[in-house]
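Structure, as structure tokens:
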Amino acid sequence: MHWSKQLIPTLREVPQEAEIPSHQLMLRAGLIRKLSAGLYTFLPLGFRSLKKVERIVREEMDRAGALEILMPALHPQEIWENTGRFDVLKDVMFKIKDRQERKLVLGPTHEEIVTDLVSHEINSYRQLPVNLYQIQTKFRDEIRPRFGLMRAKEFIMKDAYSFDADWDGAEKSYQAMYEAYKRIFKRCGLRTKIVEADTGAMGGSSSHEFMVLADAGEDGLVECGSCPYAANLERAESVLRSAVTFDGAEKMPEVVATPNRRTVQEVSNFFKSSPARLIKTLIYMADDKPVAVLVPGDREVNEIKLNRALSAKSLVLADNPTIARVTGAPVGFAGPVGLSLPIYADHKLKGYQGAITGANQADAHLVNVDLERDAKVTQFVDVTSAKGGDGCPRCGNGTLNEKRGIEVGHVFKLGTKYSEKLSALYKDAEGKEHPAIMGCYGIGVTRTLQAVIEQCFDTDGIIWPITIAPYSVEVLVINAQHAESAKVSVEIVAALKAAGIDVLYDDRDERPGVKFKDADLLGIPIRVNVGEKSLAKGVVEIKMRKTKELRTVPVAEAVNKILSTIRELNDEING
RNA sequence: CGGGGCGUAGCUCAGUCUGGUAGAGCACUGGUUUUGGGAGCCAGUCGUCGGAGGUUCAAAUCCUCUCGCCCCGACCA
């Protein structure tokens with residue numbers, strides 16, 4: 001393809017709307033353009049890479065035995081009401097009506113739709129297992145779309161759904177997808193970290209996320225320095241490394257006047273103690289009933305964990321009047337001692353002695369508190385997030401490191417949640433009916449594309465892995481008006497095309513500097529410079545985008561050299 | 001939804017405080033010289049200053065309302 005006939009609107013300057021590298025580069029390299037918040041057009045270059053990612057996904061899903069289908073993006077609202085998920089997801093779904101006032105939604109995911117399909121088409125254990133997948137546009141009314149394709153209102157997802165007759169089979173299906181995902185991301189040139197994750201609105205027993213480590217990632221995670229344990233912060237467990245006994249451990253509680261010291265910072269400053277010595281008491285309304293939640297002063301409540309621990313349908317922090325009523329003190333002075341509420345203490349507080357808590361009276365705190373001796377803890381639960389420096393919950397001696405990641409894939413063990421509600425039943429050999437056991441598996445295809453860029457760039461631009469680069473090779477003629485240069489360029493381009501290689505030919509009548517800058521920005525892995533000076537010596541230059549290595553090769557050997565270099569780059573990724 | 005920032009040429013931005021004929025660089029068009037890392041010169045095109053209303057002799061600038069975009073948070077698969 002001749003550059004002069006392509007649409008590649010590169011930007012010299014960083015657009016104001018973009019903050020993170022991958023978003024800036026996608027705009028600058030002319031891959032995408034914004035229509036509105038969270039809605040993007042793929043320009044030719046971006047679309048080419050997108051299709052290459054899709055192709056890898058498709059090849060690996062097919063290889064794993066999954067069957068490609070295509071489901072509608074428009075769904076009757078009713079089917080979502082049948083599983084009870086309309087209430088869970090109604091804020092994230094776009095809701096519309098047809099001309100007959102029938103209620104429809106734009107699909108944010110497809111568990112209901114595929115299960116409905118299977119309920120009609122699969123009846124016997126002989127038809128199982130089956131794994132159906134699609135690559136399709138999803139719609140989610142995000143509260144805050146962000147960072148270009150990273151979190152968009154409309155995006156392309158590969159979603160797969162497995163149905164098995166028994167739990168062993170379901171486990172095998174899950175493992176097959178897990179392995180397929182590893183291959184997919186590897187082939188895209190991504191380094192991913194697989195972490196244990198929360199299942200959220202999807203439900204089910206357990207799940208793993210495929211994370212691309214990047215500072216711009218929206219998810220926090222921890223990984224153990226000495227064993228394979230890694231988990232999303234929403235779920236991660238950890239062991240406390242710091243002390244749980246403090247000065248005054250053997251003494252009895254004592255009220256100390258702390259006028260106007262409410263926050264952890266103020267109180268710990270007042271006592272000249274570390275925040276960890278404080279026990280923070282928060283009052284939550286769990287299904288409209290007040291409960292006390294205790295966490296170490298230097299920790300925050302992880303509401304996802306709290307929700308799970310209490311199995312509450314609704315969970316909100318109590319308002320100030322409620323706090324005053326149930327603790328008998330203004331906000332800032334609540335404590336567990338003498339409190340007549342259910343008390344849920346984070347397990348990191350186990351063994352806390354000599355601690356400082358609110359005294360449940362205005363302007364006062366208690367010191368020398370021994371939590372288990374002095375307060376009636378209803379239950380110890382895991383309700384705080386792990387953080388870097390904590391101990392590993394698995395191997396015991398490792399230390400957790402905190403990282404940020406972009407979630408590009410998520411695999412879930414769903415069990416029978418959907419198959420029961422939508423009657424996706426099969427008959428076993430004895431003719432008895434059972435709900436199929438399900439798994440679901442998602443890859444954010446458009447997000448993956450951006451994640452690759454977030455992981456592969458330098459100060460000059462994108463550095464595409466050859467497997468998903470818009471073109472494998474860029475031929476750059478230094479001076480388009482120099483007849484010999486143009487002739488050699490065209491010959492090399494034609495020979496590469498004949499060998500089945502994607503080639504971009506920068507034939508523009510621009511100054512060399514402009515073309516070099518654009519080439520680096522676009523990040524095509526292999527660049528061939530064809531110029532008067534090197535032709536005089538009978539050679540052309542092959543410049544590697546990633547390593548910046550420059551090789552000169554005789555014109556006659558150029559095409560073969562390029563082809564072998566392409567093979568090397570592919571082997572590097574797939575090998 | 002709460003907090004913060006921003007909307008002026010295709011892009012990046014100045015001008016707004018202190019009201020007085022709308023600017024720069026890049027891009028674009030034509031010409032010319034130049035051709036190995038974002039060229040020089042000459043000439044030119046491009047604006048409902050996000051929108052509506054108000055104050056004023058006069059509004060990009062002051063006031064009110066509104067729309068959009070970005071960031072942080074809440075929330076979220």
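Just so we're on the same page: letters track the sequence lines, and every chain starts at 1.
Nucleotide B:C1 holds its C1' atom 9 Å from the CD1 atom of A:Ile143, rounded to whole Å. Regarding A:Leu233, its CG atom lies at a distance of 16 Å from the P atom of B:C76, rounded to whole Å. Following rounding to the nearest Å, A:Asn302 (CG) and B:A74 (P) show an atom-to-atom distance of 11 Å.
A donor-acceptor pair shorter than 3.5 Å can be found between the side chains of A:Gln77 and A:Glu81.
Nucleotides of RNA chain B nearest to A:Asp219 and A:Arg28 differ in position, and the one nearer the 5' end is that of A:Arg28.
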Pairs: protein N or O with nucleotides 33-37 of chain B N or O, under 3.5 Å:
unit_1: B:U34; atom_1: O2; unit_2: A:Arg511; atom_2: NH1; d: 2.6
unit_1: B:U35; atom_1: O4; unit_2: A:Gln481; atom_2: OE1; d: 3.0
unit_1: B:G36; atom_1: O6; unit_2: A:Ser534; atom_2: N; d: 3.3
unit_1: B:G36; atom_1: O6; unit_2: A:Ser534; atom_2: OG; d: 2.5
unit_1: B:G36; atom_1: N1; unit_2: A:Glu541; atom_2: OE1; d: 3.2
unit_1: B:G36; atom_1: N1; unit_2: A:Glu541; atom_2: OE2; d: 3.1
unit_1: B:G36; atom_1: N2; unit_2: A:Glu541; atom_2: OE1; d: 2.2
unit_1: B:G36; atom_1: N2; unit_2: A:Glu541; atom_2: OE2; d: 2.9
unit_1: B:G37; atom_1: O6; unit_2: A:Arg527; atom_2: NH2; d: 3.0
unit_1: B:G37; atom_1: N1; unit_2: A:Asp520; atom_2: OD2; d: 3.0
unit_1: B:G37; atom_1: N2; unit_2: A:Asp520; atom_2: OD2; d: 2.4

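With respect to A:Glu510 and A:Lys515, no salt bridge is recorded, no charged nitrogen being found less than 4.0 Å from a carboxylate O. Comment: A:Arg545 engages A:Asp458 in a salt bridge, judged by a side-chain N to carboxylate O separation of less than 4.0 angstrom. A salt bridge links A:Lys138 to A:Asp159: at least one charged side-chain nitrogen sits closer than 4.0 Å to a carboxylate oxygen.
A:Tyr441 and A:Tyr174 have tilted rings, their planes meeting at an angle from 30° to 60° on a 0 to 90° scale.
Pair assignment for B:C69: B:G5, on the basis of Watson-Crick or G-U wobble contacts that are both within less than 3.5 Å. Within the shown strands, B:C11 is the pairing partner of B:G25 under the Watson-Crick or G-U definition, both distances less than 3.5 Å. B:C17 makes up no base pair with any nucleotide shown, lacking Watson-Crick or G-U wobble contacts both under 3.5 Å. With a 3.5 Å ceiling on both atom-pair distances, the Watson-Crick or G-U wobble partner of B:C62 is B:G54.
Taking the six-membered ring for Trp and the full ring otherwise, A:His23 and A:Phe147 have centroids separated by 6.0 Å or more. The aromatic ring centres of A:Tyr178 and A:Phe210 sit less than 6.0 Å apart.
For A:Gln16, counting side-chain heavy atoms from C-beta on, the closest listed nucleotide (B:C69, B:C13, B:C1) is B:C13. The nucleotide whose nearest atom lies closest to any side-chain atom of A:Lys34 is, among B:C70, B:C75, B:C11, B:C70. Counting only heavy atoms from C-beta on, A:Arg146 has its side chain closest to B:C72 among B:C11, B:G38, B:C72.
Under 4.0 angstrom from either OP1 or OP2 of B:C71 there lies at least one side-chain N or O belonging to A:Arg144.
Applying the 3.5 Å distance criterion, the base of B:C76 shares a donor-acceptor pair with the side chain of A:Arg151.
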